[in-house]
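First the structure, in the form of structure tokens, and then the observations on it.
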Amino acid sequence: QVQLVESGGGLVQAGGSLRLSCAASGRTFSNYAMGWFRQAQGKEREFVAGISWRGGRTDYADSVKGRFTISRDNAKNTVYLTMNSLKPEDTAVYYCAARGSPFVALDSGNYNYWGQGTQVTVSS
């Protein structure tokens, strides 16, 4: 089992920045690729960003490329999502997820463990 706890969400004005953190406990964190997903009200959950188990590869949704950065610190069992130039359409609950594989996947069904989510609200 892997337990994931997100933090860092909040209310921010358009153009602002936030950094989300996801702290993991349980099994060896460095054995898992990690992903960030988001779900806006009334919409399906969507992939935002992913990072391979050692951090050598990252993937991003087109809608966040150039604005968001995913990173991980395996010594601290933590994955981060740094979000810059936020837009109102980034408003959603953000979830981190762990996948029992070295590689990132874009489909939420390929992730084994999920956090409880953290709300990000971007005002215009």
Derivation and outcome, salt bridge (charged side-chain N to carboxylate O under 4.0 Å, His left out), residues Asp62 and Lys65: CA-CA 5 Å; Asp62 288 343; Lys65 278 181 184 175; 3.2 Å; yes

Trp53 ring center near Phe29 ring center (under 6.0 Å): no

Sequence-distant partners of Asn74, side chain to side chain donor-acceptor pair (under 3.5 Å), two or more places apart: Arg72

Closest non-hydrogen atom pair between Val104 and Gly50, with its separation: CG2-C, 3.5 Å

Below 3.5 Å, can you tabulate the donor-acceptor pairs from side chains in residues 16-24 to any protein atom, sequence neighbours excluded?
from, atom 1, to, atom 2, distance (Å)
Ser17, OG, Asn84, OD1, 2.8

Over all atoms of both residues, closest heavy-atom pair of Ala14 and Ser124: CB-CA, 4.3 Å

Closest heavy-atom pair and its distance - Thr91, Gln119: CG2-NE2, 4.0 Å

Least distance between heavy atoms, Lys43 atom then Gln39 atom: O-NE2, 3.1 Å

Test item: Thr69 and Leu81 side chains (from C-beta on) under 4.5 Å apart, heavy atoms: no

pair Ile70-Val79: side-chain heavy atoms closer than 4.5 Å: yes

Spacing of CD belonging to Glu6 relative to OG1 belonging to Thr78, to within rounding of 0.5 Å: 12.0 Å

Distance, nearest 0.5 Å, that separates CE of Met34 from OG of Ser52: 12.0 Å

Side chain to side chain contact (heavy atoms under 4.5 Å, CB included) between Asp59 and Phe47, intermediate numbers included: CA-CA 10 Å; Asp59 287 288; Phe47 173 81; 4.1 Å; yes

Parallel, tilted or perpendicular, as decided by the 30° and 60° cut-offs, for the rings of Phe68 and Tyr94: tilted

Heavy-atom side-chain contact between Arg45 and Trp114 under 4.5 Å: yes

Pair Leu4-Gln116, side chain to side chain contact (heavy atoms under 4.5 Å, CB included): steps then yes or no: CA-CA 8 Å; Leu4 302 172; Gln116 82 289 351; over 6 Å; no

CG-OG distance between Leu86 and Ser123, expressed to the nearest 0.5 angstrom: 10.0 Å

Hphob cluster co-occupancy, Tyr113 + Val93, side-chain heavy atoms under 4.5 angstrom: no

Of all pairs that satisfy side chain to side chain donor-acceptor pair (under 3.5 Å), the ones with a partner from residues 28-37, not counting sequence neighbours: none

Donor-acceptor contact present, side-chain Asn112 to main-chain Gly100, <3.5 Å: yes

Note, Leu106 side chain near Phe37 side chain (heavy atom, < 4.5 Å): no

Minimum side-chain heavy-atom gap Val12-Thr121 below 4.5 Å: no

Contact summary for Val122 and Lys87, nearest pair of heavy atoms: CB-O, 3.2 Å

Criterion side chain to side chain contact (heavy atoms under 4.5 Å, CB included) on Tyr95 and Arg38, from CA distance to verdict: CA-CA 6 Å; Tyr95 299 89; Arg38 68 186 180 187; 6.0 Å; no

Side chain to side chain contact (heavy atoms under 4.5 Å, CB included) between Val64 and Met83, intermediate numbers included: CA-CA 9 Å; Val64 307; Met83 306 184 293; over 6 Å; no

Over 12 foreign heavy atoms within 6.0 Å of CZ, Arg57: no

Polar side-chain atom of Arg99 near backbone of Ala33 as donor-acceptor pair, under 3.5 Å: no

